[in-house]
> 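Submitted below is the structure of interest, expressed as structure tokens.
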Amino acid sequence: MRAAGIVAAAGSGVRLGADMPKALVPLAGRPLVRWAVDTLLAGGVAEVVVTVPPGQREAFAAALPEGVLLVDGGPTRTASVRAGLAAVSDSSDVVLVHDAARPLTPPDVVARVLAALADGARAVVPVLPVVDTTVAVGPDGLITGALPREQIRRVQTPQGFHRATLVEAYQRLPAHAELPDDAAVVHSARVRVATVAGDERAAKVTVAHDLVLAELQVRG
Ligand code: CTP
Ligand code: MG
């Protein structure tokens with residue numbers, strides 16, 4: 001089984017508010033996108049495609065190892081992954097889609113996703129339990145009911161797919177559709193999505209505080 005990785009890195013990082021694209025922001029001296037690519041390679045991925053913000057190819061090439069393929073992303077994450085998927089070679093049987101915004105994902109998570117695919121899953125996502133009490137609220141902010149926490153999971157990346165399954169699901173998706181992640185794309189094509197254990201260290205860097213926490217995590 002040969003695995004390709006797509007790193008979604010074409011966002012601008014509005015909520016982080018840095019003076020450069022979020023994926024190029026350094027964490028312990030290495031750009032976030034470099035951490036994400038290294039995790040995929042360490043976990044057993046054979047080829048990597050990175051989607052970059054338009055006009056940023058040179059800066060990303062300087063941040064990444066030789067052999068990583070760079071493609072222009074689109075206006076939404078869904079569009080960016082679609083562009084990345086078109087650049088994955090036919091020789092890869094499975095594809096892992098990962099966020100540059102999850103720099104400290106341990107390679108073990110990649111290995112668990114690959115193992116589930118090798119075991120026959122067509123789609124698999126890493127998940128974590130929810131520890132807080134969860135409720136639903138209406139537009140007025142009032143609680144409308146309890147949500148059964150045992151049935152809820154937080155979804156992370158990398159998310160793994162048989163390549164043909166993911167390609168077909170993106171083909172069926174309307175051109176400008178925008179979905180939160182790739183599991184949602186295959187789910188919309190009625191593909192069953194399996195789960196494996198995620199990892200708290202794979203937390204997403206969204207706002208400045210998350211970067212502070214990530215720096216602490218690196219220092220151990
Ligand atoms: N992403 C992408 N293409 C886009 C938008 C997002 O490839 N058009 C990527 C981001 O680079 C990121 C991942 O999708 O690695 C998750 O998105 P998010 O955390 O929302 O990052 P940004 O969109 O960059 O941040 P913000 O929403 O704060 O602008
Ligand atoms: Mg975003």
Side-chain angles (χ1 to χ4, degrees), residues 4-27 30-41 43 45 47-64 68-88 95-106 109-110 113 125-128 154-161 166 169-170 173-186 198-215 217:
I6 297 171
V7 176
S12 48
V14 171
R15 289 169 290 177
L16 187 62
D19 55 4
M20 63 182 85
K22 181 163 78 176
L24 291 178
V25 169
L27 164 61
R30 285 157 82 201
L32 299 187
V33 66
R34 177 71 194 244
W35 285 92
V37 167
D38 288 352
T39 291
L40 289 177
L41 293 172
V45 161
E47 62 169 291
V48 180
V49 175
V50 175
T51 72
V52 307
Q56 293 285 341
R57 277 188 194 226
E58 275 185 25
F60 275 70
L64 291 168
V68 171
L69 193 62
L70 304 182
V71 303
D72 284 345
T76 63
R77 187 186 182 283
T78 306
S80 293
V81 175
R82 198 194 280 275
L85 190 55
V88 168
V95 179
L96 269 58
V97 187
H98 192 31
D99 284 338
R102 296 184 184 275
L104 299 182
T105 304
V109 180
V110 178
V113 170
V125 298
V127 297
L128 288 174
R154 292 179 287 145
V155 177
Q156 301 185 313
T157 71
Q159 302 183 351
F161 309 90
L166 189 60
Y170 267 92
L173 196 69
H176 298 292
E178 182 179 1
L179 292 175
D181 65 2
D182 305 284
V185 173
V186 298
D199 192 301
E200 294 290 354
R201 291 169 289 183
K204 189 156 82 73
V205 172
T206 305
V207 297
H209 174 71
D210 301 327
L211 201 55
V212 175
L213 291 180
E215 292 279 0
Q217 213 170 293

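Sequence positions, counted from 1, serve as the residue numbers for this chain. All ligand and atom numbering here is 1-based and tracks the order in the structure. From a predicted model like this one, the values you see are computed outputs, not experimental measurements.
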> Does a sphere of radius 6.0 Å around CZ in Arg57 hold more than 12 heavy atoms from other residues, nucleotides or ligands, not counting ones at 6.0 Å or beyond?
yes
> Quick one: closest heavy-atom pair of Val81 and Ile6, and the distance?
O-CD1, 4.3 Å
> With the side chain counted from C-beta on, respond yes when Glu200 and Gln156 share a heavy-atom pair under 4.5 Å apart, and no when they do not.
no
> Kindly say whether Tyr170 contributes a backbone atom to a donor-acceptor pair with the side chain of Arg82 at under 3.5 angstrom?
yes
> Using a threshold of 4.0 angstrom between heavy atoms of the protein and any atom of ligand 1, which residues qualify?
Ala8, Ala9, Ala10, Gly11, Ser12, Gly13, Val14, Arg15, Lys22, Thr51, Gly74, Pro75, Thr76, Arg77, Ser80, Asp99, Ala100, Ala101, Lys204
> Just by distance, do the side chain of Thr51 and the backbone of Ala9 share a donor-acceptor pair under 3.5 Å?
yes
> Are side-chain heavy atoms of Thr105 and Asp199 found at a separation under 4.5 Å?
no
